[in-house]
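Every number for a ligand or one of its atoms is a count from 1 in the order of the listing. Since the structure is predicted, the reported quantities are computational estimates derived from the model, not experimental observations.
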Amino acid sequence: SEGSVTASPTDTVDSEYTIPVSIGTPAQVLQLDLDTGSADLWVFSSETESDEVSGQTLYDPSQSSTSSYMSGSSWQISYGDGSSADGDIYTDKVKIAGITVSKQAVELAQDVSSEFTTGPSDGLVGLAFDSINTAMPSTVETFFDNAKSKLDSPLFTADLKHDAAGSYGFGFIDSSLYTGDITYEDVDNSDGFWSWTSSGYAIGSGKFVKTKITGIADTGSTLLALPSSVVKAYYKKVSGSSYSDTYTGYVFPCGTTTPSFTFGVGSLHIEIPGDYMSYAAANDDGTTCYGSLQKSDGTNVFGDIALKSAFVVFNGASSPTIGWANK
Ligand SMILES: CC1CCN(C(=N)N)CC1
């Protein structure tokens, strides 16, 4: 089987992208954040503390004839941005992009941190590797892992866009979505992530610097986080920029022209347009803008700023790889 699903940015600055996911019988459709940086499928639910819910759609297993309680199981997750959630687990029918997994572990939130309460999604679909799933006493499998044997090819693709609907594909590569060739790199999933190594970078029209940069491809992260040496070199080319302790990142006057940022995938170059490199206003009067490129904490992250500049193949074969193409 194969199919695709619309990926919708939740705001005009592409903070995150959600997809419709059908859960249960009859279908309960939730808008979930497809996240290649984590491996838990969790949802706002009838069990979520009511003071931690603000308009999200709730999955209610009691209204599904195909739900089954996983007695004795629980989950508890904390993300790199400090957000967190926890709860218990049911299995139920889950359909994404027309592909159905009959007994998918669905993690019901009983508690969520404020970032989720005030956030736009009804939960997450984690598509990183099972080893980092947080279910206890034993891990549960991701939707992709459960669906893999049904897919024509064991892969999914991302065609994310700025302030416009894009798509995720499952089981096939839609050649109409990219130009030129796809360049593949090996993935090291030993930490549970889609970790790959870029061949280097360029700033604006500057020379390409050949240097290996290992990082994770993370649809659930908004920005691009790279080594401070690279980031400092970039902001030397942005007039009026500086590192702000107030905003905990590089900022510059809004309206500043920001150069593009190119990263290498083998001999292929993916250029992030200069317009994408100014993320959003950092202050209420919109005079100070926050950069889309920031220092990593050690784990480099190719988040949505990078992903939406390319067509990306997450190849879940026994030796996983990641493919990048221009579009
Ligand atoms: C909303 C959360 C989704 C998971 N995260 C991530 N993949 N970096 C953190 C933010």
Side-chain angles (χ1 to χ4, degrees), residues 7-11 13-21 30-45 48 52-57 75-87 96 106-109 111-135 139-140 142-145 156 158 160 166 168 187-189 191-196 214-226 248-249 279-280 290-308 312 314 316 322:
S8 303
T10 55
D11 56 31
V13 294
D14 313 329
S15 298
E16 54 186 81
Y17 295 85
T18 56
I19 61 168
V21 176
L30 278 66
Q31 305 303 319
L32 304 184
D33 178 357
L34 189 154
D35 177 19
T36 60
S38 65
D40 287 53
L41 193 170
W42 72 261
V43 294
F44 275 80
S45 74
T48 309
E52 296 175 355
V53 177
S54 69
Q56 289 83 6
T57 299
W75 61 283
Q76 179 188 22
I77 197 163
S78 298
Y79 297 102
D81 68 347
S83 59
S84 60
D86 65 64
I96 298 175
V106 179
E107 302 175 23
L108 280 67
D111 300 284
V112 301
S113 63
S114 59
E115 297 85 352
F116 291 110
T117 301
T118 57
S121 77
D122 300 325
L124 268 70
V125 183
L127 296 190
F129 295 88
D130 293 346
S131 60
I132 59 172
N133 174 265
T134 74
T139 58
V140 295
T142 67
F143 172 84
F144 179 52
D145 234 21
F156 62 93
L160 300 179
Y168 289 106
V187 163
D188 171 3
N189 63 0
D191 284 339
F193 298 115
W194 292 89
S195 181
W196 68 288
T214 298
I216 68 170
D218 183 4
T219 57
S221 279
T222 307
L223 303 182
L224 174 59
L226 295 177
T248 318
Y279 176 62
Y290 196 74
S292 302
L293 173 61
Q294 296 294 340
K295 293 189 288 189
S296 70
D297 63 3
T299 300
N300 300 310
V301 180
F302 293 87
D304 297 331
I305 291 289
L307 296 165
K308 69 190 179 188
V312 189
F314 293 82
I322 187 168

Asks: If I apply the N/O under 3.5 Å rule, does Asp81 come out as touching ligand 1?
Replies: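 Not met; the criterion fails.
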Asks: In terms of residue, atom name and distance, what is the protein heavy atom nearest to atom 1 (C) of ligand 1?
Replies: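 Result for atom 1 (C) of ligand 1: Phe116 CE2, 3.7 Å.
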Asks: At their closest point, which heavy atom of Leu226 faces which heavy atom of Leu293, and how far apart are they?
Replies: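 That closest heavy-atom pairing would be CD1-CD1, 3.7 Å.
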Asks: Is a donor from one side chain sitting under 3.5 angstrom from an acceptor on the other, for Ser15 and Tyr279?
Replies: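 Ser15 vs Tyr279: donor-acceptor pair found between side chains.
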Asks: So which heavy atom on Leu307 is nearest to which on Leu160, and how close?
Replies: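 For Leu307 versus Leu160, the nearest heavy atoms are CB-CD1, 4.2 Å.
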Asks: Give the atom numbers and elements of ligand 1 that come within less than 4.0 Å of a heavy atom of Asp218.
Replies: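 With Asp218 as reference, the close atoms of ligand 1 come out as 6 (C), 7 (N), 8 (N).
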Asks: Which ligand 1 atoms does Ser221 reach within 4.0 Å, using its non-hydrogen atoms?
Replies: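 That gives atoms 8 (N) of ligand 1.
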Asks: Which protein non-hydrogen atom lies closest to atom 5 (N) of ligand 1, naming both residue and atom, and how far is it?
Replies: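 Minimum-distance protein heavy atom for atom 5 (N) of ligand 1 reads Gly220 O, 3.7 Å.
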Asks: Taking Ser78 for its side chain and Ser84 for its backbone only, find out whether a donor-acceptor pair lies under 3.5 Å.
Replies: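 No, the answer is negative, given that no donor and acceptor are paired below the 3.5 Å cut-off.
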Asks: Counting only heavy atoms not in Gln76, do more than 12 fall under 6.0 Å of its CD?
Replies: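 No - once you tally the heavy atoms of other residues, nucleotides and ligands closer than 6.0 Å, there are 12 at most.
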Asks: If we count only N and O atoms by modelled type, under 3.5 Å, do the side chains of Asp40 and Thr134 hold a donor and an acceptor together?
Replies: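 Side chains of Asp40 and Thr134: pair found under 3.5 Å.
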Asks: How far is atom 7 (N) of ligand 1 from its nearest protein heavy atom, and which residue and atom name does that atom have?
Replies: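 Checking every protein heavy atom, the shortest distance to atom 7 (N) of ligand 1 gives Asp35 OD1, 2.8 Å.
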Asks: For the side chain of Asp122 and the backbone of Gln31, is there at least one donor-acceptor N/O pair under 3.5 Å apart?
Replies: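 Confirmed, Asp122 side chain pairs with Gln31 backbone.
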Asks: One residue to check: Leu124. Relative to ligand 1, which of side chain, backbone, both or neither has a non-hydrogen atom less than 4.0 Å away?
Replies: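 The side chain, only.
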Asks: Considering heavy atoms of the protein only, find what lies nearest to atom 9 (C) of ligand 1 and give residue, atom and distance to 0.1 Å.
Replies: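 Minimum-distance protein heavy atom for atom 9 (C) of ligand 1 reads Tyr79 CB, 3.7 Å.
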Asks: Please confirm whether Gly80 comes under 4.0 Å of ligand 1, counting heavy atoms of the residue only.
Replies: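 Under 4.0 Å: no for Gly80.
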